[in-house]
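If you read the sequence from its start, that first residue is 1, and numbering goes on from there.
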Amino acid sequence: MPANYPLEKFRNIGIIAHIDAGKTTTTERILYYTGKTHRLGSVDEGNTVTDWMEQERERGITIVSAAVTAEWKDHLINVIDTPGHIDFTAEVQRALRVLDGGVVVFDAVQGVEPQSETVWRQADRYGVPRICFINKMDRTGASFERSLDSIRQRLGANPIAVQIPIGAESAFQGVIDLLEQKAIIWEDETGSKPTVSEIPADLQAQAKEWRERMVEAIAETDDDLTHKYLEGQEISVDELKAAMRRAVIAGQANAVFCGSSLKNRGVQPVLDAVVDYLPSPLDIPAVQGIDPRTEEPAERQAKNDEPLSALVFKIVADPFVGRLAYFRVYSGKITKGGSVFNSTKKGRERIGRLIRMYADRREEIDEVVAGDIGAVIGLKNSFTGDTLCDETKQIVLESISFPEPVISIAVEPKTNADQDKMAEALHRLAEEDPTFRVQSDPETGQTVISGMGELHLDILVDRMMREFKVAANVGRPRVAYRETITRPVEKAEMRYVKQSGGRGQYGHAIMRMEPSEPGSGISFDNEIVGGAIPREYIPAIEKGVREAAEGGVVGGYPVTDIAVTLYDGSFHEVDSNEMAFKMAGSMAFKEGMRLGKAVLMEPVMKVEVTIPEEFLGDIVGQLSARRGEIQGMEPRPGGVQAVRAMVPLSEMFGYATELRSATQGRGAFTMEFDHYSQVSANLAEELIQAN
């Protein structure tokens, strides 16, 4: 199968969007039209290919990104269907890290929604070229133009419509292809055989006007075409397509399509667009990395005869075959039975069974070539973000960064027999999900699990009980508070001296501490000159600082966003040792926290509530009562208002129930972590008492 495909015929794409925009339904249609399935799966009926977990089928949402492979017009397309819910943002992050292109799905009624913005920014960060699909054109309130405007305004993008809809809402029948100047209408139930005909007479004027706009927008992206356009010369369809492809790959424009996946209309042109406009592995720049032995930059071209470089981007704890590692090969190839070198962990791994994944089904293969995505069973020490390469030509690729968890709950096994099973289950789930953390609370001895939101932890606990058969009790959710300093400290000094017969202990450290950028954690710099502290003791001081940062001075919460600079100190020829300097570093850091007026920080969430207009006053009142800061309101079609606010996470527990009862079940909200902000003095007092 893939061995016969040259590299320019590969497409690695992700379907990304806000929750409920229709990603999974669109993926289902792609599989149906490419001949991979013979029935149309439905999210509502729980029989889709990519939502294969029990929890996904019950809730009708995507939780883990699933990879499937399909063929269209002599091209091999690896499709990853990603979750839309913000609690599973890590799944989107790691998919985007290894994909070459994306199809962003928008709801034609809502336009750009909060998580559409989040995934768009994530794709910007990884430089992923995108095309847009405005879905649900058959719904009441659908508007192609309004959705196009919201992409332009809210995302700052350059969307170029290459289609316009024929009819809207219940009268939506098909699209006009502005490039080929044809009407495409889907009449049969499954949408397999669209009818291509001339543009209807009553739409010709509108189509002409839109085509003019499209030609001008495409010409603007290319100097040669701009000259042609200004001189009034005819630009051929092939020239327009080639220029559009270059603009999409360069991130200068996004081709926009429309349709209704649920009604089986408009998906085939999107597949054509994946082939026409999204990049093959050859169109993206050579992958960059570092040679770990020399620390020099290194790069690899997407060729089978280059030295191997591959990135592990996802681990799945499969109950039947053990641990599965998904990887993307950037150069060279991975062969069954061979061995690879993990340059991140500095160890060799043997390649047991290679697999092409089809959601949760597997097809055994012999090799995975440059530009392709595959999975391997049996890697011992390779995890998300690790690089696999050739041992003689080593490279470390940029890893994948994930957000920090913001919410925790305590879990305890119901019986002693469940204790070991629970530890094993949590360990395997944490290997799989980099935003899920497990630790033991030293004071209570409880096991505390942390994640990205209530739904995230809810599903992980559900999986632990179902997949690993662990009976457990679950505590109430707790917020992940942090501590930081509010002013710079020029001199935080501590001397650790212990004299008790025989050899003593002596360590002395002087450091500067200042608040740093939000999300930067603890950074440690060494500015010691002239050997005031011998070089071998510096790592011990840093270790002391980092250990002290695990529990702050206000309420014992982890410390973050501080830049520490060690600039002086002293040592004793006989009594100094690593232990003494570690203690000195730890004590100096705690002293700096006190001098820097340490405060408590809480996670603040970006919340968007959509409600019928008549409930607006009540909802604004509700959010204000929860210490919310209203950022803005925006009318949406159908008498709906969208309210945007910043609200502390601690105030959002149980909000779903309150919103439902206040709006007769007609309100909905989404939230995602935005930043940490200082807690007021009286609230901090309450938290410290409770802790």
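When all heavy atoms of V647 and G628 are compared, the pair lying nearest together is CG2-CA, 3.9 Å. Nearest heavy-atom pair across V105 and A17 is O-CB, 3.0 Å. In plain terms, the two heavy atoms of W186 and P194 that are nearest each other are NE1-CB, 3.5 Å. In terms of heavy atoms, Y481 sits closest to P558 at O-CD, 3.8 Å. Residue A108 comes nearest to K136 through the heavy atom pair CB-O, 3.7 Å, listed as atom of the first residue, atom of the second, then distance. When all heavy atoms of E189 and N264 are compared, the closest pair comes out as O-ND2, 2.8 Å.
Distance alone, capped at 3.5 Å, is enough to place a donor-acceptor pair between the R130 side chain and the W120 backbone. Within the 3.5 Å criterion, the main-chain N or O of S260 finds no donor-acceptor partner in the side chain of R265. A donor-acceptor pair under 3.5 Å links the side-chain atoms of Q163 to the main chain of C258, judged by distance alone. Judged by distance alone, with hydrogens and angles left aside, the side-chain atoms of Q268 form a donor-acceptor pair with the main-chain N or O of G191 at under 3.5 Å. Checking side-chain atoms of N158 against main-chain N and O of Q252 turns up a donor-acceptor pair under 3.5 Å.
For the 3.5 Å distance criterion, the side chains of T26 and S261 qualify, holding a donor opposite an acceptor.
Side-chain contact between K263 and F172 is absent, with no heavy-atom pair separated by less than 4.5 Å. Inter-residue side-chain proximity for L271 and T34 is flagged as met; some heavy-atom pair is nearer than 4.5 Å. Under the 4.5 Å side-chain criterion, counting only non-hydrogen atoms from C-beta, V162 is in contact with M244.
Checked for salt-bridge contact, R463 and D433 miss the test: no charged N lies under 4.0 Å from a carboxylate O. Ionic pairing of E658 and R626 is present here: one or more N-O contacts between side-chain nitrogen and carboxylate oxygen are shorter than 4.0 angstrom. Here E113 does not pair with R154 in a salt bridge; the nearest charged N to carboxylate O distance is not below 4.0 Å. A salt bridge does not link E212 with K208: every distance from a Lys NZ or Arg NE/NH1/NH2 to an Asp or Glu carboxylate oxygen is 4.0 Å or more. Using a cutoff of 4.0 Å between basic side-chain nitrogens and carboxylate oxygens, E169 and R139 are not scored as salt-bridged.
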Practice problem: Applying side chain to side chain contact (heavy atoms under 4.5 Å, CB included), run through I449 and L429 and close with a yes or a no. | Solution: CA-CA 11 Å; I449 59 175; L429 290 169; over 6 Å; no
Exercise. Starting from the C-alpha separation in whole Å, work towards a yes-or-no answer on salt bridge (charged side-chain N to carboxylate O under 4.0 Å, His left out) for D177 and K182.
Key: CA-CA 5 Å; D177 180 335; K182 295 281 183 206; over 6 Å; no
Exercise. In sequence, state the C-alpha distance, the side-chain angles, and the governing distance for S192 and Y33, and then conclude on side chain to side chain contact (heavy atoms under 4.5 Å, CB included).
Key: CA-CA 7 Å; S192 303; Y33 297 132; 4.1 Å; yes
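For the side chain to side chain contact (heavy atoms under 4.5 Å, CB included) criterion with E483, the lone passing option out of L600, D561, T560 is L600.
Under the 6.0 Å cut-off for aromatic ring centres, F106 and F133 do not qualify, their centroids lying 6.0 Å or more apart.
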